[in-house]
Participant: 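If you scroll down you'll find the structure; I have some questions about it.
Letters go in sequence order (proteins before strands), and every chain restarts at 1. Hydrogens, waters and symmetry mates are skipped; everything else that's a heavy atom, side chains included, is used.
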Protein chains: 2
Amino acid sequence: MNRGTARARKPAAERRRQIIEVTTRLIAERGFWGLSMQDVADGCGLTVPGLLHHVGSKDRLLLAVLDHRDAEDARALVAELGPFEWPYPLPPGVDLRRLCAALVRRNAAQPEIVRLFAVLEAESLAPGHPAHAYFVTRQERALAAFTTVAGGSGDRPSSLARQVMALMDGLQIQWLRDPEGTDLVAEWEIAAEALFR
Amino acid sequence: MNRGTARARKPAAERRRQIIEVTTRLIAERGFWGLSMQDVADGCGLTVPGLLHHVGSKDRLLLAVLDHRDAEDARALVAELGPFEWPYPLPPGVDLRRLCAALVRRNAAQPEIVRLFAVLEAESLAPGHPAHAYFVTRQERALAAFTTVAGGSGDRPSSLARQVMALMDGLQIQWLRDPEGTDLVAEWEIAAEALFR
DNA sequence: GTCTATAGGACGATAGAC
DNA sequence: GTCTATCGTCCTATAGAC
């Protein structure tokens, strides 16, 4: 049906939001290398050239998705912790343990987003990946920010920062693989008890 | 050169070893969705049909790579800890902390293999991935085995098992992204100090 | 055990009409 | 803002000769 007739014409901003939402879901499922522009277009009720008109190229679409995630995370965290810059550094008064608890609670409510990052984090280890630079920078900034906030907690703040990041990522993978059998928030609390002791 | 002339004819077993080695490297770089049979064939000095003669299909090639890894890991761990079954359960006398130290030391010496697993672990979260079942089983077994070995260490052995697995995976990702700036073995030792305290 | 030839698609991207 | 048409390339897999 509708073959040969014009499809719904949407304002660019709204269409863009839709494209990013659909792409987010598909990358979480298949990663960037497994993503096809055809699938994105289908999911939006567009043809591929119609899609490319909005995003330029497949690489730029990926970066648009990541930019949008950063903006969303900034919104959520500022609402929770008060105004500060994002992504990173964190405001100096923040308590690391409470910050992490907030992050884990938020992540537990949006498995799709967590999976998006889990898949891209691994895929982008290859230097040729279009999000390689993004994730290198992201890790540098996260490590620096968490290290600063961990400053008072012991004699190796950067190691504590690394442990916090590693545990969150690792527990999330376990949870994504077995959501029914894994209580992400509870396991984090138990782990935090050991880390911050 | 050599266009149209017969290529080197190898015994099947040797050719298979070569194919698995080349594939391991390529999957570590691009994941399974990003892997092309053409690249594997080129890396082996074969045509694509020549390659398919040995491995049957792309899916079966992936599973062959994983089987080969399990066999190699079994060899190495038995050499280090004495004879036991693999993959899992572990022999009951093993000390969890010493086992982990051995695993981390071994992993630190073979970043390519660690990356292979990091990439596939994330990619295979999707139910349609050809290694999905493999990694579900792997996580179940690892959790069960580590829980058993952690039995005497506290009142929540399964949580300690999860923390150990999560920390190893998470630290490895950080290390792969910044090998120069991250001392995997040292960071693990510091983390283990906190976990096993 | 390896090849050539080919089937039969899917891919990302561009040109140009409307 | 969306389309049709098309380019050139890549993909996995099969058939059959040697």
Participant: For B/Arg30 and D/dC11, what is the distance between atoms CZ and P respectively, to the nearest whole Å?
Facilitator: 9 Å

Participant: How many angstroms lie between atom CG of B/Leu35 and atom CH2 of B/Trp33, to the nearest 0.5 angstrom?
Facilitator: 11.0 Å

Participant: Reckon B/His53 has a side-chain N or O less than 4.0 Å from the OP1 or OP2 of C/dT2?
Facilitator: no

Participant: Using a 6.0 Å distance limit plus a 45 degree cone around the ring axis, check whether B/Arg141 lies over the aromatic ring of B/Phe146.
Facilitator: no

Participant: I would like to know whether B/Arg97 and B/Glu193 meet salt bridge (Lys or Arg N to Asp or Glu O under 4.0 Å); could you show each step before the answer?
Facilitator: CA-CA 10 Å; B/Arg97 184 160 178 183; B/Glu193 202 64 47; 3.0 Å; yes

Participant: Could you state the CG-C1' distance from A/Leu51 to C/dT14, rounded to the nearest angstrom?
Facilitator: 14 Å

Participant: Please tell me whether A/Tyr134 and A/Asp67 have a donor and an acceptor in their side chains that are separated by less than 3.5 angstrom.
Facilitator: no

Participant: Run the numbers on B/Glu14 and B/Arg17 for salt bridge (Lys or Arg N to Asp or Glu O under 4.0 Å), then give the verdict.
Facilitator: CA-CA 5 Å; B/Glu14 184 180 339; B/Arg17 253 178 269 123; 5.6 Å; no

Participant: Are B/Glu187 and A/Ser159 close enough that a side-chain donor and a side-chain acceptor fall under 3.5 Å?
Facilitator: yes

Participant: Each nucleotide in nucleotides 12-18 of chain D should get exactly one letter: B, S or -. Can you fill that in based on protein heavy atoms under 4.0 Å?
Facilitator: SBB----

Participant: Over how many whole Å does the gap from B/Arg16 atom CZ to C/dG1 atom P extend?
Facilitator: 12 Å

Participant: Roughly how many Å is it from NZ in A/Lys10 to P in D/dT2, rounded to a whole number?
Facilitator: 9 Å

Participant: Give the rounded distance in Å between these two atoms: CH2 of A/Trp33 and C1' of D/dC10.
Facilitator: 14 Å

Participant: Could you work out which one of C/dC3, C/dT2, D/dG1 sits closest to the side chain of A/His54?
Facilitator: D/dG1

Participant: Could you identify which residues of residues 18-28 of chain A place a heavy atom less than 4.0 Å from some atom of DNA chain D, listed by residue number, or say none?
Facilitator: none

Participant: Report whether A/Ile27 and B/Val119 are members of the same hydrophobic cluster (ILVMFWY, side-chain heavy atoms less than 4.5 Å apart, transitive linking).
Facilitator: no

Participant: Name all pairs fulfilling the salt bridge (Lys or Arg N to Asp or Glu O under 4.0 Å) condition that reach into residues 169-179 of chain A, sequence neighbours left out, sorted by first residue then second.
Facilitator: none

Participant: Take the protein atom CG of A/Leu61 and the nucleotide atom P of C/dC11, then report the distance between them rounded to whole Å.
Facilitator: 14 Å

Participant: Could you check whether atom CZ of B/Arg106 has more than 12 heavy atoms from other residues, nucleotides or ligands sitting under 6.0 Å from it?
Facilitator: yes

